[in-house]
S.K.: 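Quick one: structure below, then a few questions.
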Number of protein chains: 2
Amino acid sequence: MARNSISDELIIETSARLSNKVGLDNLSLKMIAEELDIKSPSLYNHISSLDDIKEKLMIYGWKELGEKAIDSAVGVSGYDALRKMCYAFYDYTTNNKGVFQAMLWYNKFKSDEMANATIKIFGILHKILEPLNISSNNVEHIIRTLRSFLEGFSLLVNNNSFGNPISIKESFDLSLDIIINGIKSLEGVK
Amino acid sequence: MARNSISDELIIETSARLSNKVGLDNLSLKMIAEELDIKSPSLYNHISSLDDIKEKLMIYGWKELGEKAIDSAVGVSGYDALRKMCYAFYDYTTNNKGVFQAMLWYNKFKSDEMANATIKIFGILHKILEPLNISSNNVEHIIRTLRSFLEGFSLLVNNNSFGNPISIKESFDLSLDIIINGIKSLEGVK
DNA sequence: TTGACTAAACTAATTAGATTAGTTATAATG
DNA sequence: CATTATAACTAATCTAATTAGTTTAGTCAA
């Protein structure tokens, strides 16, 4: 070791906080370095590029969200659990805008670590849906439906893209009603 | 006029083509200028910044998609029309990845022109849903549901974020089944 | 306790791209 | 043919990422 030695975790946590404040696009090594009271080239002792930080931010975000999602689904099951998890998702992504941007844009499959980033949260979804009367193939498709909706909705809210004064919470609630009713219709249970 | 004079449209069309090829993040004034056989500072006679181009690309994309969406819904109505429009959406966004990135990220409400970018396509959706037996307030919410799903799904496909070999087309189809059945359940018609 | 080792900081330099300032060429108009 | 305005150009500036090379200070073995 040498000097005060900043940990890799501190860099990511700092980047997370800063990106949530100023937006991922405006996150710079300069800014991170200043916040940590070091010079920007010193960051290269810990990371390999700005893009590297953004990838790590992506993994950090999915991990953190995964943990919150688990907490949210404790003690409930079925559609109640699904609903709680969706709210946890929305809460996290709208309260961590910068990190969520990274979660969206850097979630490509370039490495195992990246590929596994979302395993936790969508694994939970799997466990919630499994006991229902749905074919396992359809469970996979439904996870994609939910994921698309959740990521899309959060993105639109964060970007302030809904050009309409009606309540966002109501939209989210009704959307969940629609999707859940739709899933039930596949169950043949309705 | 002076010299060969490159039109604003040509700049945007060129930018669209290039961004679809290399990704919006990699689009640069240098690249656009080279493609147009001029020097990059010359672009400033037409645009005010790289961000300005990206905003225009956003508007260009929503406009182009709006036109395709109209075409897709000609001669059909109700849920058939809805389904066709969703396919048109998916087709466009996955065949124009760079432009779609701009459509997602630059769709904030900073000006009337920007606010109106999506009016056409979501207006069509409105017309499709209006005749159904749904409260007008719910129609607005449903448009948000659909929009979230469509944008989210396209983004995930374009980013290759679905880490699963099952068919993407089947996922899309089943998702539409789910959402449409869900909407029907709101109609009380089912 | 000390001296070697190494991690992690530092400064200086390089590079690339966006943007600005100031200059020049050419098409259109009278 | 002369004027004018537009849109090109070159030169210069600025900022941020990244690389190269240097220095400092914890750690650990003798």
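Below, chain A is the first sequence line, B the second, and so on; all start at residue 1. Note that the structure is predicted; figures quoted are calculated from it, not measured. Keep in mind that the numbers below use all heavy atoms, side chains included, and drop hydrogens, waters and symmetry copies.
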S.K.: With a 4.0 Å cut-off on N to O distance, would you call B:Glu64 and B:Lys68 a salt bridge?
M.R.: no
S.K.: For the side chain of A:Lys30, starting at C-beta, report the closest nucleotide among D:dA16, C:dG17, D:dT18.
M.R.: D:dA16
S.K.: So does A:Arg83 pair up with A:Asp177, basic N to acidic O under 4.0 Å?
M.R.: yes
S.K.: I'd like to know whether the aromatic ring centres of B:Tyr90 and B:Phe100 sit less than 6.0 Å apart in this structure.
M.R.: no
S.K.: Send over the distance from A:Ile6 CD1 to D:dG26 C1', rounded to a whole Å.
M.R.: 15 Å
S.K.: Any Lys/Arg nitrogen of B:Asp80 or B:Lys84 sitting under 4.0 Å from an Asp/Glu carboxylate oxygen of the other?
M.R.: no
S.K.: Are B:Tyr106 and B:Trp62 an aromatic pair by the rule of ring centers under 6.0 Å?
M.R.: no
S.K.: What residues from residues 99-108 of chain B pass a heavy-atom cutoff of under 4.0 Å to DNA chain C?
M.R.: none
S.K.: Given 3.5 Å as the limit, does a donor-acceptor pair link the side chain of B:Asn158 with the main chain of B:Thr93, or not?
M.R.: yes
S.K.: Separation of B:Asp8 atom CG from D:dA8 atom P, in whole Å?
M.R.: 10 Å
S.K.: Could you give the CG-to-P distance, from A:Leu29 to C:dA9, as a whole number of Å?
M.R.: 14 Å
S.K.: Heavy atom of residues 33-59 of chain B under 4.0 Å from DNA chain C: which residues?
M.R.: B:Ser40, B:Pro41, B:Tyr44, B:Ser49, B:Leu50
S.K.: Which is it for A:Val139 and A:Glu130 under the side chain to side chain contact (heavy atoms under 4.5 Å, CB included) test, yes or no, and what are the steps along the way?
M.R.: CA-CA 7 Å; A:Val139 166; A:Glu130 225 167 19; 5.8 Å; no
S.K.: Please report the interatomic distance CD1(B:Ile70) to NZ(B:Lys127), rounded to the nearest 0.5 Å.
M.R.: 7.5 Å
S.K.: Roughly, in whole Å, what's the span from CG in B:Asp25 to P in C:dA18?
M.R.: 13 Å
S.K.: For B:Ile11 and D:dA7, give me the distance from atom CD1 to atom C1', rounded to whole Å.
M.R.: 11 Å
